[in-house]
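Have a look at the structure below, then the notes.
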Amino acid sequence: MKMNDIKTLYHILSAEFGPLYDWWVAGSPFERIAGAILVQQTRWENVDRVLTELKNRDLMSPGSIAALPLEELEDIVRPTGFYRNKAKSLKAVAEYFTASPIDSMSNKPQHVLRKELLALRGIGNETADVILLYVAGKPSFVIDAYTKKLCGCMGIQGNYAELQRLFEDALPRDVPVYQHYHALIVEHGKRYCGRKGCDSCAVARLRKYRGTPAFELAKP
DNA sequence: CATGAAACTGACA
DNA sequence: TGTCAGCTTCATG
């Protein structure tokens, strides 16, 4: 039942928000990696400015960031918040990809690459999966705050690994589907998971679609 | 003007 | 496992 809900929800969101190609087609691979770090707990609009600034200064490459003094990097990434942490994280990531080129990710088994990414400062489960899915093209489903909330609203509890397994089991093991679904969940969350949107959100519509209140409504 | 939320992670009890 | 600090920007009231 939960598995069917996961699939049905994908179709509901897909119909509402469309393909959302911009989510992963925009920017170079390293730009997407930098974006994955900088977007942590921050709005994308702020990240975009910093990415533009990095490009304007011709710093959008692992080598350039690795060679940049930490304090300069802090100044550049400041608009994305948590700037001391993020500057250190971005440097660690830049150093890693200087030694181990971005293209080499496709040669590594998914679980090996995931472990290497998780070992880097500033990369936790979600960011590792974002890089795996949107840069390395590995089928690793991303569980973010909106996904957890969405699951909560469907009466589904679980930690990161459990929710990830649920989505991956419910869906075909397909990179574009995972990419699209995560993008859809975020767009949906931004649109409905605020003060007002709860009663018209996709879970409410899913319930209607199924015609039965088979799961409890979580508190907004 | 004050408050809170935003594509989270790491450290420590 | 759970809690907390880390920081800036922008929308709301």
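What you see is a predicted model, and the numbers here were worked out from it, not measured in a lab. By convention in this document, chain letters (A, B, ...) are assigned in the order of the sequence lines, proteins followed by strands, and residues within each chain are numbered from 1.
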Side chain to side chain contact (heavy atoms under 4.5 Å, CB included) involving Val39(A) - partner list, sequence neighbours excluded: Trp44(A), Val47(A)
Heavy-atom side-chain contact between Phe97(A) and Val93(A) under 4.5 Å: yes
Outermost nucleotides of DNA chain B that come under 4.0 Å of a non-hydrogen atom of chain A: dA5(B) to dG10(B)
Any residue of residues 167-183 of chain A with a heavy atom less than 4.0 Å from an atom of DNA chain B: none
Side-chain donor-acceptor pairs of residues 115-125 of chain A under 3.5 Å, sequence neighbours excluded:
residue	atom	partner	partner atom	Å
Glu116(A)	OE1	Tyr96(A)	OH	2.5
Glu116(A)	OE1	Lys108(A)	NZ	2.9
Asn125(A)	OD1	Arg114(A)	NH2	3.2

Contacts of Glu53(A) that satisfy side-chain hydrogen bond (donor to acceptor under 3.5 Å, both in side chains) - sequence neighbours left out: Arg57(A)
Set of residues satisfying ring-ring contact (aromatic ring centres under 6.0 Å, His included) with respect to Tyr181(A), sequence neighbours excluded: Tyr10(A), Phe141(A), Phe167(A)
Under 4.0 Å protein heavy-atom contact, by nucleotide of nucleotides 1-8 of chain C - B base, S sugar-phosphate only: -----BBS
Ser64(A): partners by side-chain hydrogen bond (donor to acceptor under 3.5 Å, both in side chains), with sequence neighbours left out: Ser61(A)
Salt bridge (Lys or Arg N to Asp or Glu O under 4.0 Å) pairs, two or more places apart, involving residues 79-93 of chain A: none
P spacing across the pair dA5(C) / dA7(B), given as an integer number of angstrom: 22 Å
Salt bridge present between Lys190(A) and Glu187(A) (N-O < 4.0 angstrom): yes
Between side-chain atoms of residues 67-75 of chain A and protein atoms elsewhere (two or more places apart, or another chain), which donor-acceptor pairs fall under 3.5 Å?
residue	atom	partner	partner atom	Å
Asp75(A)	OD1	Arg78(A)	NH2	2.7

Pairwise P distance for dC7(C) and dA2(B), with rounding to whole Å: 23 Å
Pairs satisfying salt bridge (Lys or Arg N to Asp or Glu O under 4.0 Å), at least one member in residues 15-35 of chain A, at least two apart: Glu16(A)-Arg205(A), Glu31(A)-Lys55(A)
Proximity to DNA chain C (any heavy atom under 4.0 Å), residues of residues 125-137 of chain A only: none
Main-chain N/O of Leu20(A) paired to His180(A) side chain as donor or acceptor, under 3.5 Å: no
Parallel, tilted or perpendicular: ring planes of Tyr134(A) versus His182(A), cut at 30 and 60 degrees: tilted
